[in-house]
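Below is one structure, written out as structure tokens; comments come after it.
Order of the sequence lines fixes the chain letters, A, B, ..., with proteins taken first and strands second; residue numbering starts at 1 for each chain. Both backbone and side-chain heavy atoms feed into the values below; hydrogens, waters and symmetry mates do not.
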Amino acid sequence: MILTALVAVPAAVGVLTWLLPTRPVRRVAFLAAGLLQAALVTKVFLAPPPPEWGGALGADALGLLFLGIVTLLFSLGAVYTFGYMSLHRHPRRRYYVPTILFFLSSMTLAVLSRHVGLFWVALEATTLSSATLIYFDRSEKSLEAAWKYLILCSVGIALALAGTFFIALALPPGAEGSLLLDSLIAAAPGMAPAWLKTAFLFLLVGYGTKMGLAPMHTWLPDAHAEAPSPVSALLSGALLNCAFLGILRAFQIVNAAGLEEFARKPLLVLGFVSMGTAAAFLIRQPDYKRLLAYSSVEHMGILAVAMGIGGGTAVFGALLHALNHSLAKALLFFAAGAVFLLYHTKSVAGVTGLGRRAPFVAVLVVAGFLAITGTPPFGPFISELTILLAAISGGHYWVAALFLLLLAVAFAAMGAAVLGMVFGEPPELPPSTLRGWEGALVLAPPAVLAVASLVLGLYLPGKLNALLKAAALLLGARS
Amino acid sequence: MSAWSYTILVTVLLLNLLLAVTSRLSVLIRGFAIQAACIAVLALLLDGFNSPHAWIVAGGVFTLKVVLIPYFLNRAVVRTNARRELEPLVSYGTSLLLASLGVLLAFALAARLPMEARRAGLLLAAAAFATMLTGLLLLVTRSKALTEVVGYLVLENGIFLFGLTLLNRMPLMVEMGILLDVFVGVFVMGIVVYNIHRTFDHIDVGALTSLKEEEP
């Protein structure tokens, strides 16, 4: 019941807010839905419920991890939006609150689904519900971004549907019929290997497109840069992880069939291509939201590389890094929204003297920068170190060296941009509007994320550690 | 498989060649719709006329892909004045050649499938692959947004053909979800296409917005 509620409540509130005529009521309903979702998910975490919908909807350790990320970012995003939209002189968009709630509903369905077909339906629904959010500005650029996002992700996900059918075709003739994840994993050893390998490649390319792995990433910088900042935070921190989960589900099946060695090579290659492409575009990137978007491509690459290295430590590191990246990237997009409210430009060159104009925002930006580039004592440092150590202890020295090199390039490129933004003289601008309760609502969510990222860098809570270990175990990590 | 199924699959294969050569959007949309109608009938032929599951799937395919989606697409053609694809990236002769090669490749791929995976026969797998390849061809080589939408739909038709072999393995909810996603997808794409048309009709407004943006 509760899992169904997690999916149905946001959708129902979405319909309700569509019918509600006035803006303040819609906004309060939005905030209430975010907090209600957080409360329900907390309940799920405290007492994991049994599967529903005949086993198609369930919360295993992997699902719980990503459910936690999606819900945390959405609730903080709801608080942030409340302040951001009050300060941002934007045109009224009646569809904003309903669509973002449908977006939450579809992401929740994706992380909870334990049926490969249902997962596909949910992930395609996330594309459709988020496309209109990207076109929020109604500018020519946002229109182009929304179109690219729609067509590229739809085609990518269509290939993933083909991959899903191929998994079913790989089943031996007499095998029990369903596409439930559990029965597929049980039947995996008897599957036709050639067919299963093709299926994995289709799923990797299909969901990889949605995850932003290069060279299928071309829609991502446009979409993440053109969307309003609270939406960018969700697209980058929550949605990319949902697509990653699709690849992990495929990996579970392939792993059960004993083909994990086959699956690792393409993951490693796509991962390094993504890290390399991102590093090249991070250097001298003139738009700070595109800078963050390319950094997402880089981090999705890190996740793919970690899965490509394989072994218990690397998989554990990948899952921890997915969490750390989400916290740090949402922090940065929230902070970028605050910077946009202060300077009314997305250009790196147009932002100077942030340290004087708004010291607290500057602290957030610097904290986010240190976190996302893997600098101690923030969380991503721990997860990147875990992945690096796994590469070295597995004897993959070239992998480790290349990994370090690309991380260093990203650090230098982002560092140059952040230094220029934080220091120097602020330009002549009207006084800061980040005041009062609206300002507090904009600044509190990134501050919470900064603290969370810092805590994860210093200490990994026992329960989180156990959840990550259980999730890594599902992906075949034995150690 | 019955003779009827063979006839329908050959029709699907031939329609791919038509889709590859036509420059008229209305023909393209009709070709897609007929292909979808073939899929609806095939669902019944493969799963049996007394299976309620097959009737629901066939009904869903018919309502959404044969009636509603072509209706919306045709309306979009009228509204955006895009009756012909004028600037394909390759000539229509080359398109036909590529589509024919696609059919050959599809048979080669289908013949390589393990026997048990070819439950519904070689021809179905070949038709499915060929339709997917035609969809990708339209997506890659055409420049009009609406033609790309049809390309996506043709690709999806091919994938759905594969899905037909799994009718008894999928819960109805998932099949309906797939259809609904495609329908809503086309609906949203239609809105975006309409907005692209509107934005570029008033080119002066477009010029103003791009001046405000940052130059990379």
Side-chain angles (χ1 to χ4, degrees), chain A residues 53-54 56 115-118 120-125 127-129 131-132 135 137-144 146-147 149-151 154-155 157-159 161-162 164-166 168-180 192-195 198 285-287 290 345-350, chain B residues 109 112-119 125 128-129 132 135-136 139 145 148-149 151-152 155-156 158-166 168-171 173-178 180-182 184-189 191-193 195-196 198-200 205-210 212-216:
Chain A
W53 300 6
H115 181 287
V116 286
L118 186 64
W120 185 89
V121 171
L123 204 65
E124 173 67 12
T127 311
L128 304 177
S129 50
T132 45
Y135 184 43
D137 262 358
R138 298 267 166 103
S139 66
E140 210 175 300
K141 280 194 169 182
S142 68
L143 185 61
E144 188 191 332
W147 170 251
Y149 174 66
L150 255 180
I151 198 85
S154 293
V155 170
I157 294 200
L159 295 179
L161 181 62
T164 305
F165 289 156
F166 291 169
L169 289 172
L171 281 168
E176 197 259 316
S178 85
L179 291 182
L180 286 173
W195 221 206
T198 318
Q285 176 57 244
D287 177 322
R290 290 180 81 86
T345 172
K346 290 186 211 163
S347 138
V348 172
Chain B
L109 280 172
R112 285 175 58 104
L113 295 186
M115 278 311 284
E116 61 268 29
R118 274 191 261 146
R119 269 181 217 99
F129 275 129
M132 282 172 71
L136 287 173
L139 276 164
E148 287 185 7
V149 175
Y152 163 69
L155 170 68
E156 214 277 336
I159 294 166
F160 208 84
L161 262 178
F162 268 118
L164 286 186
T165 58
L166 309 166
N168 49 358
R169 289 180 182 247
M170 296 274 258
M173 187 178 66
V174 170
E175 275 150 359
M176 289 298 118
I178 291 171
L180 190 69
D181 269 350
V182 171
V184 177
V186 170
F187 192 77
V188 178
M189 284 176 194
I191 294 172
V192 176
V193 169
N195 278 301
I196 290 175
R198 215 181 43 180
T199 309
F200 287 92
V205 180
L208 282 178
T209 2
S210 51
K212 270 198 304 199
E213 304 284 352
E214 303 305 311
E215 272 302 309

*asked:* Counting heavy-atom pairs under 4.5 Å with chain B, which one of A:Ala146, A:Ala125, A:Ser154 comes out on top?
replied: A:Ser154

_Please classify the contact between B:Leu139 and chain A as side chain, backbone, both or neither, with a heavy-atom cut-off of under 4.5 Å._
side chain

*In terms of heavy-atom pairs under 4.5 Å with chain B, which of A:Gly117, A:Ala158, A:Gly350 leads?*
A:Ala158

*Listed by chain and number, what are the ring pair (Phe, Tyr, Trp, His ring centres under 6.0 Å) partners of A:Tyr135, not counting sequence neighbours?*
none

*Can you tell if the side chain of A:Leu123 reaches within under 4.5 Å of the side chain of A:Thr127, non-hydrogen atoms only?*
no

*A:Phe165 ring center within less than 6.0 Å of B:Phe160 ring center*: no

*asked:* Classify the ring geometry of A:Phe166 against B:Phe162: parallel below 30°, tilted from 30° to 60°, perpendicular beyond 60°.
replied: perpendicular

